[in-house]
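A short write-up of the structure that comes next.
Chain A is the first sequence line, chain B the second, and so forth, proteins listed ahead of strands; every chain is numbered from 1.
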Amino acid sequence: MLISQIGELEIRGEGDKLVSLTLVSKRNSNNPSLISGSENVFTGWLISYFNGKERKQMNEVNFLIPFKGKTREILLELLRVGYGEIVTYGELAKRINTSPRVVGNAMSRNPLPIFIPCHRVVRVNDIGNYSLGGKETKKWLLEFEERNLKLKP
DNA sequence: GAAAGTAAAAAAT
DNA sequence: ATTTTTTACTTTC
């Protein structure tokens, strides 16, 4: 359990692999305080992410991704989108030869948001949706990353 | 197997 | 600027 700027997060693992990250309760204040529960490599990563210090993806070997085929490909491809970068659904689709609709479908079932940065995938003329707290949270995350890059590029 | 669902995009209006 | 195809992959009958 971890209280972040976007709300209370819960992460679940299985063995030494990360299985899911969910938002237990949303929080609207901009209070940047972070409260963490038990520490492990995953909460540790999250804490430095929310401190604006972590800019790298965690290695995919730490993730348990219960999909095969395109959905899995899409999720793994997403790990190559860097901090503060954004791509559209269509762009990501092109990289692995599929359609934007399929990318959206894969995003909507991403079990590990933030670890797998689906908030960096946006619509062409709009921000698009986000399962971990809706559009405002997605926007917050993108602005947060942008702010951190400006602070210390 | 077919049909419906999906966090999209392009084309048509 | 809104509506209507087109799209391909997964899930659910």
Side-chain angles (χ1 to χ4, degrees), chain A residues 1-15 17-32 34 42-43 45-150:
Chain A
M1 197 73 83
L2 178 141
I3 313 258
S4 76
Q5 295 95 319
I6 61 170
E8 201 171 328
L9 302 171
E10 182 168 277
I11 61 181
R12 290 198 312 118
E14 219 177 275
K17 305 241 179 187
L18 191 58
V19 172
S20 72
L21 184 152
T22 50
L23 189 68
V24 178
S25 64
K26 203 171 158 181
R27 141 148 129 182
N28 347 330
S29 82
N30 295 323
N31 187 343
L34 272 173
F42 301 121
T43 50
W45 186 93
L46 270 181
I47 288 165
S48 34
Y49 176 85
F50 280 107
N51 279 328
K53 288 177 183 157
E54 185 58 71
R55 307 273 170 90
K56 286 192 207 99
Q57 250 44 80
M58 195 174 258
N59 194 293
E60 68 192 59
V61 299
N62 296 305
F63 304 150
L64 197 74
I65 302 172
F67 305 112
K68 312 185 265 189
K70 288 292 178 192
T71 304
R72 187 187 180 82
E73 266 186 71
I74 292 165
L75 261 20
L76 293 181
E77 181 63 38
L78 192 49
L79 293 174
R80 280 178 219 123
V81 178
Y83 196 89
E85 271 180 63
I86 57 167
V87 283
T88 63
Y89 292 87
E91 274 176 71
L92 196 57
K94 238 185 256 169
R95 294 189 192 177
I96 55 169
N97 239 320
T98 185
S99 78
R101 210 93 164 90
V102 174
V103 173
N105 198 305
M107 297 301 104
S108 72
R109 295 181 302 119
N110 177 11
L112 300 169
I114 303 186
F115 285 102
I116 299 179
C118 59
H119 57 278
R120 297 180 194 146
V121 187
V122 299
R123 284 208 202 184
V124 28
N125 275 322
D126 184 19
I127 189 161
N129 219 328
Y130 194 51
S131 63
L132 202 80
K135 296 182 193 220
E136 294 105 68
T137 305
K138 190 171 184 175
K139 204 166 135 208
W140 187 91
L141 286 168
L142 290 174
E143 284 172 358
F144 176 67
E145 293 188 352
E146 198 182 346
R147 207 179 320 141
N148 291 332
L149 281 182
K150 248 181 218 164

Fill in the blank from the handout: When rounded to whole Å, the CZ to C1' distance for the pair A:F67 and B:dT6 reads 13 Å
Exercise for the section: Identify whether any heavy atom of A:K68 sits under 4.0 Å from a base atom; if not, whether one sits that close to sugar-phosphate; answer base, sugar-phosphate or nothing. Expected result: sugar-phosphate
Practice task
Give a yes or no on whether A:K139 atom NZ has more than 12 heavy-atom contacts from other residues, nucleotides or ligands under 6.0 Å away.
Solution key: no
Exercise for the section: Using Watson-Crick or G-U wobble geometry with both distances below 3.5 Å, tell me the partner of C:dT7, or none. Expected result: none
Handout entry: Whole-Å distance separating the NZ atom of A:K135 from the C1' atom of B:dA7
Key = 8 Å
Practice task
Begin from the C-alpha positions of A:E8 and A:S25 and carry the test side chain to side chain donor-acceptor pair (under 3.5 Å) through to its verdict.
Solution key: CA-CA 5 Å; A:E8 201 171 328; A:S25 64; 3.3 Å; yes
Handout entry: Ion pair A:R80/A:E77, N-O distance below 4.0 Å
Key = yes
Practice task
Would you indicate whether the side-chain heavy atoms of A:F67 and A:P111 approach each other to under 4.5 Å?
Solution key: yes
Exercise for the section: Would you mind reading off the distance between A:R72 atom CZ and C:dT10 atom P, rounded to a whole angstrom? Expected result: 13 Å
Exercise for the section: State, yes or no, whether a side-chain contact exists between A:F50 and A:L9 at a heavy-atom distance under 4.5 Å. Expected result: yes
Problem - Contact state string [nucleotides 8-13 of chain B, B base, S sugar-phosphate only, - no protein heavy atom under 4.0 Å] - result: BS----
Handout entry: Pairwise side-chain contact, A:R55 with A:N148, heavy-atom cut-off 4.5 Å (strictly under)
Key = yes
Handout entry: Whole angstrom value for the distance that separates P of C:dT10 from CG of A:L75
Key = 12 Å
Exercise for the section: Using only side-chain N and O atoms of A:T98, determine if any of them is under 4.0 Å from OP1 or OP2 of C:dA8. Expected result: no
Exercise for the section: Decide yes or no for A:I47 and A:E54: does some side-chain heavy atom of the first lie under 4.5 Å from some side-chain heavy atom of the second? Expected result: no
Handout entry: Watson-Crick or G-U counterpart of B:dA7, or none if no pair lies under 3.5 Å
Key = none
Fill in the blank from the handout: Rounded to whole Å, the NZ-P distance (A:K70 to C:dT11) equals 16 Å
Problem - Nearest-Å distance for atom pair CG/P, residues A:N105 and C:dT6 - result: 21 Å
Problem - Spacing of A:R109 atom CZ relative to B:dA7 atom P, expressed in whole Å - result: 11 Å
Exercise for the section: Could you state the atom-to-atom distance from CG of A:N110 to C1' of B:dT6 in whole Å? Expected result: 15 Å
Practice task
Would you indicate what A:S131 reaches in the nucleic acid, counting non-hydrogen atoms under 4.0 angstrom: base, sugar-phosphate, or nothing?
Solution key: base
